[in-house]
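None of the values given here were measured: they were computed from a predicted structure. All chains are named by letter (A, B, ...) in the order of the sequence lines, taking the proteins before the strands, and each is independently numbered beginning at 1.
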Amino acid sequence: MGLPKAYVAGDYEADIYALWEKSGVFIADPSSSKPHFSIAMPPPNETSTLHLGGALFITLQDILIRHARQVGYDALWLPGTDHAAIATNSVVERQLAEQGTNKHELGREAFVAKVKEFADRNRGTMLKQMRAMGASADWSRLRYTLDEALNRCVNEVFIKMYQDGLIYRGHRIVNWDPNLETTVSDDEVIYKEEESPLYTLQYGPFKISTARPETKFGDKYVVMHPGDKRYAQYKTGDTFECEWINGPVTATIIKDEAVDPAFGTGVMTITPWHDRTDFEIAERHGLEKEQIIDFDGKLLAIAGEFEAIKIDEARPKIVEKLRQKNLLVSIDKTYTHNIALNSRGKGVIEPQIKLQWFIDVNRPAVDWKGQKRSLKEVMRAVIEDGDIKIVPKRFEKIYYHWIDNLRDWCISRQIWWGHQIPVWYRQESVHSPQSAVHSKDSVYVGVRPPQEEGWQQDPDTLDTWFSSALWTWSTLVDPELTKDFSLSLDDLLAKSIDYQTYHPTDVLETAYEILFFWVARMILATTYVTGRVPFKTVYLHGLVRTETGKKMSKSDPDSIVDPVGVINEYGTDALRLALIAGTSPGTDQRVRKSKIVANRNFVNKLWNIARYIDDLRVRPLEGEENNIGRRSLRVVPLGHNRGSVMPKSVADHWILNKLSIAARAVSEDLDNFRFSEAYDALYHFVWDDFADWYVEVSKTTPNREVLAFVLKSTLKIAHPFAPFVTETIWQSFDPFDKTQPSINTKAALNSSNGQDRPEQGRMGDSAQDKNLFQGLALEKESLLASQLWPKFQKVDLAKVSQFKELQEIITQSRQIAANVGVTKPALFYKAAPLIDENKELVKSLGRLSQVKEAKAAKGLRLTGTKYAAWLDIDRETAQAYLGRLKTSQKAREAAIKLLQKRLSNKSYTQKAPKELVKQTKTQLVEEQQLLEAIKHEIAAFQTAVKNI
RNA sequence: GGGCGAUUAGCUCAGUUGGCUAGAGCACCUGAUUUACACUCAGGGUGUCGGGGGUUCAAGUCCCUCAUCGCCCACCA
C-alpha cells in the first residue's frame with residue numbers, strides 16, 4: 001500500500017505545478033499543425049491578492065483550456081496583470097499623505113518612480129496565487145498593461161483614432177473627483193441614496209428648490225417647461241431684477257422641456273458648470289456658464305464672503321444668510337436624492353466643465369463590413385449579426401441598452417500612473433494677415449516626442465480601460481517588433497505570428513460586472529483597429545457571495561472568504577470544484593464551507609479508487625490463485641495513450657459503456673459552457689458507477705486491465721476540473737505496471753496520521769528543495785496534462801443490459817432486506833443463467849448469505865426482474881414489505897393509466913415525435929409486466945397469510 | 001421611470017431547443033462495517049416547481065398577469 005489513506009493536497013500541489021511548468025506543457029506553439037484555441041486572461045490588478053472571484057475565473061478558464069488541449073488543440077491561455085491606474089495611484093497617494101506630503105511636492109517623475117517601486121514590491125503575490133489555483137497559463141507570454149510593447153499599441157491606437165476624428169479634445173462636463181483629483185468615466189460613477197434637506201428659496205417672483213444652495217451664487221437663468229400654463233405669461237428671454245444671496249441679480253427666463261412641471265413649483269434655476277442637465281440646457285440655449293466650485297471642492301470668488309470655504313462647511317452658513325435675507329421659504333427634511341460617488345475610493349463626484357480628451361462614439365468613421373459606421377453602430381452590429389455570442393444570452397439585451405445610452409467616453413485622467421497621452425503642445429507666436437501677433441497652442445500627436453525644443457507633453461494619462469480595451473490583440477503583438485518605429489500599426493499586426501495565429505480569441509470569460517467597462521470596450525477598440533472581433537464567445541459568470549448572500553467587500557473583512565485559506569485547508573481541487581458545482585452562467589452563487597467539504601470528499605474518492613487499484617496491481621485476492629507474478633500484465637509505459645481495452649464480463653462492458661457516455665457528456669457540456677452539468681456527469685460517473693458498482697464488482701471478479709484503463713480514462717476526464725489530484729495519481733504509479741512501486745513514500749510518511757505535514761501554501765516558494773517527483777522524466781508526454789481525451793469504446797450492448805439486470809436484482813435484494821429488517825438473507829433462483837454466472841458478484845453486492853439454484857419457488861419473489869429469483873425471507877417477517885408492494889402497485893397502475901391515456905390521444909400519436917410514441921408503448925408494456933409480477937406477489941402473500 | 005433576474009425538498013441550488021414517475025449536495029432518520037475511502041457503504045423524499053390565467057398532444061420550461069426579493073440603467077432642481 002503505497003499511497004496514504006487520505007489525499008492531503010498540500011503535500012503535492014506545489015510539486016505538481018512545478019512539474020507542469022517545467023515541462024512546458026502550458027506553452028502554446030503557433031507552428032503546431034493542430035488547430036489553435038486561445039483565451040486572453042482578464043488581467044487582475046498586479047498589486048492585489050487573489051479573491052474568490054479571481055479563483056472562479058481561473059477555474060472556469062483553466063477548465064476550458066485544459067479540455068481544449070485534451071481534445072487536440074494547440075491552446076494558448078495568455079496571462080497578464082493590470083496596472084490598475086486609479087487603484088494603485090491612490091494607494092501610493094494615501095501613503096504619501098500619511099507621511100505628510102503629496103504627489104505635487106514630490107513631482108511627477110519621483111511620484112511615478114515611487115508607484116513603480118510599490119508595484120514592483122507587491123507584484124508577484126497575484127501571480128503566485130494564480131499558479132496555486134492550478135492555472136495552466138502560458139507564463140512565457142505573460143503581459144502587463146504598462147509593458148513598452150503595449151504602450152506602443154496604446155499610442156498607435158490613440159493616434160489612429162485622433163487622425164480619424166474619433167478622439168477629440170474639448171470642454172465638456174465631466175465627473176470630477178476632488179479627492180483623487182481626477183475625472184472618471186460615467187461607468188465609474190455609482191449612486192447612493194441619501195437623505196438631505198431640500199431648501200425652497202424665493203427667487204424674484206418664483207419659488208425654486210435646491211438641495212445644494214452652495215452652488216446657487218451664479219444662478220441667473222430661470223427655467224420652466226414651455227407647456228406649463230402657470231407660467232404662460234413669461235417668455236424665453238424675459239428678464240427681471242431680484243435680490244439674491246450676495247446682492248441683486250438680473251435673471252433671464254428660459255423655457256425648456258427638460259424641466260418636470262410636476263416637481264416642486266415647476267421652476268428651477270440652473271448651474272451649468274456643476275450639473276449635467278443644466279449644462280445641456282445651457283448648451284441648447286447658448287447660455288453663459290460660470291464655475292462656482294474649484295477643483296479642490298472649495299468655493300470661488302463669486303461666493304463673496306464664502307470664498308475658499310469647503311462646500312460642506314459653507315452650506316449651513318449660506319442657508320443662514322438666506323434665512324436672514326428672508327429668501328428661505330421652507331425646508332423639507334425628508335427629501336432623498338442620489339449622490340454620485342466615485343466607485344473607487346468613494347469620493348463625492350462634483351460635475352465640472354473641463355478640457356478633456358473624449359472618444360466620439362457617434363461619428364461614422366469606422367470601416368465595418370464595407371460601410372462607414374460609428375463605434376456605437378459597430379458595437380451593436382457584432383452582437384446582432386452573431387459575430388459574437390454572449391452566454392447567457394440575456395446579457396445581450398443589457399449590452400444593447402448600455403450602448404443606446406452611451407455618451408462620448410472621457411479617456412483622460414489627471415493621475416500620473418498610466419499611459420501618458422501621446423500629445424504635445426507648444427505655445428507659438430502667430431502672425432496673422434493683419435500682422436497682429438498672438439499666441440496659439442500648437443498640437444503634436446505622435447508615437448514619439450517631437451524632436452524640436454519647447455514641446456510639453458499632455459500631463460494626463462489614459463483611462464485604464466483604454467489599454468485594457470486592446471488586451472486580446474496587444475498581448476499578441478511581438479514585443480520585439482514594437483521597438484521598430486518604422487513599422488505601422490498594421491505592419492505590427494501583420495508581422496506578429498501570435499496575433500496571426502491566435503486572434504480573434506475563442507472565448508472571453510469574465511464577470512458580468514465588467515461587461516461595460518471591459519467587454520464592450522474591447523469590442524469597440526478591436527473592431528476599429530483590426531476589423532475583426534476580439535473574441536467569438538463571451539461567457540459571463542456571476543458574483544461569488546457570502547454564505548448569507550451578501551457581496552464580499554473590503555470594508556467588511558469578515559465577509560471575505562480567502563481562497564488561499566481554503567486552498568491550504570482543503571486543497572485547490574476542492575475549491576475549484578466547489579466553485580462550479582451547482583452554478584449557472586451569469587448567476588451569483590454563495591460559497592459555504594459544507595460545499596467545499598463535499599467536493600474535497602470527491603477529490604478523496606478519486607484518490608481512494610486509485611489507492612485500491614494500486615493495491616490490487618500487486619496483491620492476489622482471496623480465492624484468486626497467487627499467480628500474478630506469472631501473469632503477463634502488459635507493462636505500459638507511463639503516459640502511453642492506449643486507446644482501448646478488451647472487456648470480458650458483463651460488468652466490464654457496462655463500465656466501459658458508462659465511461660464512454662460520461663466522457664462524451666463532459667466534453668459536450670464543456671463545449672457548450674455547461675460547467676456545472678459537466679461536473680455533475682463526471683461526479684456521478686466516478687462515484688456512483690465506478691466506485692460504488694464497478695470497484696465493488698471487482699472485489700469478486702477483478703479485471704485488472706479494465707480497472708486500470710477506466711482509472712486512467714477517469715483521470716483524463718476529471719483532469720480539467722481537478723488537475724492536481726488527477727496528475728498526482730497519474731504520476732504516482734502506472735496502474736498497468738505491477739513492477740513499478742508507488743513512489744509517494746515521502747508523502748506517505750508525511751501524512752500518514754495527519755501530523756508533521758510540511759508547511760502548506762508554499763506554492764512557488766523556493767523553500768521546497770526536493771520535488772517528490774524528481775525521479776521522473778520530465779517529458780511533456782508523461783504528463784496527464786498532455787493526454788488526449790478518451791475515445792468512445794464500442795461494447796456489446798446486450799451485455800450492458802445484462803449487467804443492468806444484475807443491478808436490479810442486487811438493488812432489490814438490498815431494499816427488501818433493509819425494509820423488513822433482515823440482514824444477509826439467501827437468494828434462490830431458477831433457470832437464470834445470468835445469475836448463475838454471476839453468483840459471487842450478486843452475493844457480495846447484494847449482501848446475501850448465499851446465492852443458490854432452487855428447484856421450486858421459495859420465499860419472496862423479486863418483482864423488478866424478469867428472472868425467477870426469491871429472497872429467503874418468510875412471509876410473516878416480510879409483512880412490512882407487503883405495504884411497499886401495494887404502494888408500488890398503485891404507482892404502476894397510475895403510470896399505466898397515464899400512458900394509456902397518452903396513447904389513446906390521437907393528436908399525441910400523430911403530432912409527437914415517432915420515437916417518443918414508440919418509447920411510450922415500450923414503457924407501457926414494461927409497466928404492465930411489472931404490475932403483473934407485483935400482483936402475483938401480493939396474491940402469494942395473501943395466500944401465505946391465510947395459510948398461517 | 002425603463003430593463004433584467006430570482007422564486008423548485010428543511011437549507012444551498014441544478015434542470016439545455018417544451019417530452020419518461022422533477023434531480024444533486026448538505027442536513028436529518030434507520031442500519032452496516034476492523035484492510036480503497038467515517039473525507040465510507042446500504043436503505044429512507046408525502047415538492048400545490050411563488051399565485052392566477054393562457055398556448056400545446058404535452059409546461060418547472062413558452063406567453064400574459066399579479067406578488068415578494070435582488071440587480072442594472074436613467075432621472076432626481
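Interface remark: the R600(A) side chain does form a donor-acceptor pair with the C39(B) base, using a distance-only criterion of under 3.5 Å. The base of A24(B) does not come close enough to the side chain of K595(A) for any donor and acceptor atom to sit less than 3.5 Å apart. One donor-acceptor pair, N or O on each side, does fall under 3.5 Å between the base of U21(B) and the side chain of R892(A). For E677(A) against A24(B), a side-chain-to-base donor-acceptor contact under 3.5 Å is absent. Scanning atom types as modelled, one donor and one acceptor separated by under 3.5 angstrom connect the side chain of K605(A) and the base of C37(B).
When the P atom is compared between C49(B) and U61(B), the two are found 10 Å apart, to the nearest whole Å. As rounded to the nearest Å, C4(B) and A42(B) have P atoms that lie 46 Å from one another. When the C1' atom is compared between U12(B) and U56(B), the two are found 34 Å apart, to the nearest whole Å. Rounded to whole Å, the separation between the P atoms of C11(B) and C72(B) comes to 26 Å. As rounded to the nearest Å, A74(B) and A14(B) have P atoms that lie 28 Å from one another. Using atom P as the reference point in both C37(B) and G5(B), the two lie 49 Å apart (nearest Å). Nucleotides A59(B) and G19(B), compared at atom C1', are 10 Å apart to the nearest Å.
In terms of phosphate contacts, Q815(A) brings a side-chain nitrogen or oxygen within less than 4.0 Å of OP1 or OP2 of G44(B). In this structure, K699(A) reaches the A36(B) phosphate: one of its side-chain N or O atoms is under 4.0 Å from OP1 or OP2. The side chain of K5(A) contributes an N or O atom lying less than 4.0 Å from OP1 or OP2 of C37(B). Between S676(A) and A14(B) there is no side-chain N or O to OP1 or OP2 distance below 4.0 Å. Distances shown here put a side-chain N or O of R884(A) below 4.0 Å from the OP1 or OP2 atom of G44(B). Put simply, R902(A) has no side-chain N or O that comes within less than 4.0 Å of OP1 or OP2 on A58(B). Here W687(A) does not reach the OP1 or OP2 of G25(B): none of its side-chain N or O atoms lies under 4.0 Å away.
In this structure, Y335(A) reaches the sugar-phosphate backbone alone: every heavy-atom distance under 4.0 Å involves primed, P, OP1 or OP2 atoms, never a base. The residue V259(A) sits close to a base: some heavy atom pair falls under 4.0 Å. Within 4.0 Å of E927(A), counting heavy atoms only, lies at least one base atom of the nucleic acid. Nucleic acid contact class of V695(A) (heavy atoms, under 4.0 Å, all strands): base. At a threshold of 4.0 angstrom between heavy atoms, the contacts of L899(A) with the nucleic acid are absent. Within 4.0 Å of I270(A), counting heavy atoms only, lies no atom of the nucleic acid at all. Backbone-only contact: D692(A) has heavy atoms under 4.0 Å from sugar-phosphate atoms and none from a base.
Aromatic ring pairs are classed by plane angle as parallel below 30°, tilted from 30° to 60° and perpendicular above 60°; the pair Y683(A) and F602(A) is parallel.
Checking C76(B), A36(B), G19(B) against the side-chain heavy atoms of A912(A) singles out G19(B) as nearest. Picking from G25(B), C76(B), C39(B) the nucleotide with the shortest atom distance to the side chain of A598(A) gives G25(B). Comparing U12(B), C76(B), C41(B) by their nearest atom to the side chain of R590(A) picks out U12(B). For R592(A), whose side chain is taken as the heavy atoms from C-beta onward, the closest listed nucleotide among U21(B), C26(B), U12(B) is U12(B). In this structure, the nucleotide among G19(B), C76(B), G43(B) sitting nearest to the side chain of Y908(A) is G19(B). Distance from the side chain of A818(A) is smallest for G43(B) among the nucleotides G25(B), G43(B), G19(B). The A6(A) side chain lies nearest to C39(B) when the options are G43(B), C39(B), A36(B).
D332(A) and T334(A) form a side-chain donor-acceptor contact under 3.5 Å, judged by distance and modelled atom types alone. Side chain to side chain, K699(A) and S844(A) fail the donor-acceptor criterion of an N or O pair below 3.5 Å. For the residue pair D588(A) / Y512(A), a side-chain donor-acceptor distance below 3.5 Å is found, with atom types taken as modelled. A donor-acceptor pair shorter than 3.5 Å can be found between the side chains of Y612(A) and S698(A). When only modelled atom types and interatomic distance are considered, R902(A) and N905(A) share no side-chain donor-acceptor pair under 3.5 Å.
Atom NZ of K593(A) is separated from atom C1' of C26(B) by 14 Å (rounded to the nearest Å). Here the C1' atom of nucleotide C37(B) and the CG atom of L606(A) are 11 Å apart, to the nearest Å. Whole-Å rounding puts the L515(A) CG to G5(B) P distance at 14 Å. As rounded to whole Å, 15 Å separates atom P of G1(B) from atom CZ of F263(A). The nearest whole Å value for the distance from the OH atom in Y612(A) to the P atom in A36(B) is 7 Å. Atom CG of D614(A) and atom P of U35(B) are 17 Å apart (whole Å). Rounded to an integer number of Å, the gap from E696(A) CD to A36(B) C1' is 9 Å. Counting to the nearest Å, the C1' atom of C37(B) and the CG atom of N608(A) are 3 Å from each other.
Two residues, N672(A) and K397(A), neighbour RNA chain B, and the one matched to the more 5' nucleotide by heavy-atom proximity is K397(A). When each of T823(A) and T587(A) is assigned the nucleotide of RNA chain B bearing its nearest heavy atom, the one mapping closer to the 5' terminus is T587(A).
Q923(A) places a side-chain heavy atom less than 4.5 Å from the side chain of L899(A).
Helical stems involving RNA chain B, defined as 3 or more consecutive Watson-Crick or G-U pairs under 3.5 Å, span B:1-7 with B:67-73, B:10-13 with B:23-26, B:28-32 with B:40-44, B:50-54 with B:62-66.
A cation-pi arrangement is found for R380(A) relative to Y400(A), the charged atom lying closer than 6.0 Å to the ring centre and inside a 45° cone about the ring normal.
For R276(A) and D186(A), the salt-bridge test passes: some basic side-chain N is under 4.0 Å from an acidic carboxylate O.
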**Report entry** Sequence-aligned protein contact record of nucleotides 68-74 of chain B, with B where the base is within under 4.0 Å of a protein heavy atom and S where only the sugar-phosphate is
**Finding:** -----S-
Requested in this report: Please report the C-alpha distance between V267(A) and V223(A) in whole Å, then the side-chain angles of each, then the deciding distance to 0.1 Å, and finally whether the side chain to side chain contact (heavy atoms under 4.5 Å, CB included) criterion is met.
Outcome: CA-CA 6 Å; V267(A) 180; V223(A) 192; over 6 Å; no
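Summarising the geometry of T920(A) relative to L916(A), their closest heavy-atom pair is OG1-O, 2.7 Å, with the distance given to 0.1 Å.
Within the 3.5 Å criterion, the main-chain N or O of L845(A) finds a donor-acceptor partner in the side chain of R814(A). With hydrogens and angles ignored, the 3.5 Å screen pairs a side-chain donor or acceptor of D278(A) with a backbone N or O of T271(A).
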